[in-house]
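FYI, side chains are in, hydrogens and waters are out, and symmetry mates aren't considered; it's all heavy atoms of this structure.
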Number of protein chains: 2
Amino acid sequence: MLKRERQAYIVQQVNLHNKVLSTALSSEIDVSEDTIRRDLQELSEKGKLIKVHGGALSHSFHDITYPSKKVYAQDSKKIIAEKAVKFIKEGMFVLTSGGTTIIELARALPVTLSATFISGSIPAVVEYMHHPNLEVIVIGDKLSKNSKITVGADALARINTLKPDLCFLGINAIHPQHGVTDSDWDVVQLKQAMVETSQKVVCLTISEKINSIQPLHICGLDKIDILITELPNNHPALQPYVAAGITVM
Amino acid sequence: MLKRERQAYIVQQVNLHNKVLSTALSSEIDVSEDTIRRDLQELSEKGKLIKVHGGALSHSFHDITYPSKKVYAQDSKKIIAEKAVKFIKEGMFVLTSGGTTIIELARALPVTLSATFISGSIPAVVEYMHHPNLEVIVIGDKLSKNSKITVGADALARINTLKPDLCFLGINAIHPQHGVTDSDWDVVQLKQAMVETSQKVVCLTISEKINSIQPLHICGLDKIDILITELPNNHPALQPYVAAGITVM
DNA sequence: GCAGGTTTTGCAGGTTTTTGCACATAATGT
DNA sequence: ACATTATGTGCAAAAACCTGCAAAACCTGC
């Protein structure tokens, strides 16, 4: 068995079973454990797996550190949420993406508000669910583990059947020339569909992400109606967006 | 079981239940208590949990006031979950309803299990989402506030396109003559569809609900393959179901 | 084709990690 | 206060690891 072939097999096994033992691989492939160890070493350096004493684990194992994580820049996101809430009127149909900023928005919704909120983001849905007067529509499909949002053809098709009044987008990068960009293929698809189908698009982002670029393009600035950051709207960094005709808050 | 794997499991358990006992972990994972103690020691140094006499506590336990949401008859439900888990095999497609018994099932899933779980229950989806190796499919539609499950024509249609290997139903009433019944119209629709489309139907319920009736009919006993309660399977109350050809656990 | 260099692999050895056990000590409960 | 249970420490055996080395397989340029 060729080295490359062997390593491909190991990666396959890790992805399949989420763990492999050096001893098991050694006898399966019939090479010495030293060789397996060297393979694991290399694959680990390439980021294909996580090497541990006795074998290796899939990457999905490492990132189990959930609920009590502090949200990055939470204070800024609270300010953004306060501003964003003002755009929501009684009875509106509101489509939202995922992300921690959107969660803050959900928490900032006045209890008396009655409106219909639509989302494929599970954390967002959980927040909406606890609100007494919201109608909640869940967009179903395969759940993406890292973004905690449903992605796929079903979700896309469902979004395209909607004509929401308002769309809140938590975004990861916006730039005067390159528009809104992101790094996750599936998420980009969804956000594009959301932007296209909504009457009004509101982008939420902390100022840190302003004037930054990610590899995948979502839409140009012309599609954005409102941009909300934690900065005052006369801040110099925001002027290019005002000039582009966006309402900046 | 690898050390790292074991520690990941411990962290998961701590985050899930907010506390773990050294003794319990020792017998669950089948290593000596000394090893568990050393693990807790290390994890505590890494700040993943708080080590205390007898076990460990979640960090969030210390931060926030624990919203001691006690589930009714939780111990029984844990027993049920333990029994139910045994039916799930690697790679299966599993459809589940909602309800607290299903949540316990989700928490009892072994960390190494990789399978595809499908549900419209938001609390269930949240549990599945935290599991490192599950594929999760969310069934979308309007969210019913009191059952926290998506209901409607979309959800029904989606369920009917599936052919899952296994279906877990948390049920509210079962009776030798009247079969499985429930009280919520929308939920009944969903459960009917789930029963019809699944290869194998497993009903989970605490013994209290055995031999009781609710106003809406879901299905007859003939559609049920397996019934799981917290009672031993030779308990007299269960005999009518054994007689009906159901595998009782 | 073939000399010279590189890559891959197994092996020997010495080192480190992991784990369970024994025993003394501290915490807990009745 | 006393029995029970949990803890920490030291120890030893097994398992896994790392390092260097040498043989084999392989590329490469002439």
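- In terms of heavy atoms, A/Ile171 sits closest to A/Ile174 at CD1-CB, 3.8 Å.
- Evaluation of the side-chain hydrogen bond (donor to acceptor under 3.5 Å, both in side chains) rule for B/His175 yields B/His178 as partners, not counting sequence neighbours.
- Spacing between atom CZ of A/Arg38 and atom C1' of D/dC18 amounts to 10 Å, rounded to whole angstrom units.
- Listed by chain and number, the residues in a side chain to side chain contact (heavy atoms under 4.5 Å, CB included) with A/Leu156 are A/Gln189, A/Leu190, A/Ala193 (sequence neighbours excluded).
- When the salt bridge (charged side-chain N to carboxylate O under 4.0 Å, His left out) test is applied to B/Glu90, no partner is found at least two apart in sequence or on another chain.
- Within 4.0 Å of A/Arg4, counting heavy atoms only, lies no atom of the nucleic acid at all.
- Taking the 5' to 3' direction, DNA chain C first and last meets chain B under 4.0 angstrom from a heavy atom at C/dT18 to C/dA27.
- The only option from B/Lys48, B/Arg37, B/Gln7 that meets the side chain to side chain donor-acceptor pair (under 3.5 Å) definition with B/Glu42 turns out to be B/Gln7.
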Check nucleotides 2-8 of chain D against the protein and report each pair of N or O atoms closer than 3.5 Å, with its distance, or say if there are none.
| residue | atom | partner | partner atom | Å |
| --- | --- | --- | --- | --- |
| D/dA6 | O4' | B/His53 | NE2 | 3.4 |
| D/dA6 | O3' | B/Gly54 | N | 3.1 |
| D/dT7 | OP1 | B/Gly54 | N | 2.8 |
| D/dT7 | OP2 | B/Arg37 | NH1 | 2.8 |

Reading DNA chain D 5' to 3', how would its secondary structure be written in dot-bracket notation, given Watson-Crick and G-U pairs with both distances under 3.5 Å, brackets [ ] for crossing pairs and | for partners on other strands?
||||||||||||||||||||||||||||||
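- Judged by distance alone, the side chains of B/Tyr128 and B/Glu135 never bring a donor and an acceptor atom under 3.5 Å apart.
- Applying the side chain to side chain donor-acceptor pair (under 3.5 Å) test between B/Tyr241 and each of B/Asn211, B/Thr247, B/Thr229, B/Asn233 identifies B/Asn211 as the sole match.
- Between B/Ala84 and B/Leu105, the closest heavy-atom pair is CB-CD1, 3.8 Å.
- Here the shortest heavy-atom pairing between B/Ser147 and B/Ser144 reads OG-OG, 2.8 Å.
- When all heavy atoms of A/Ser97 and A/Gly170 are compared, the pair lying nearest together is OG-N, 3.0 Å.
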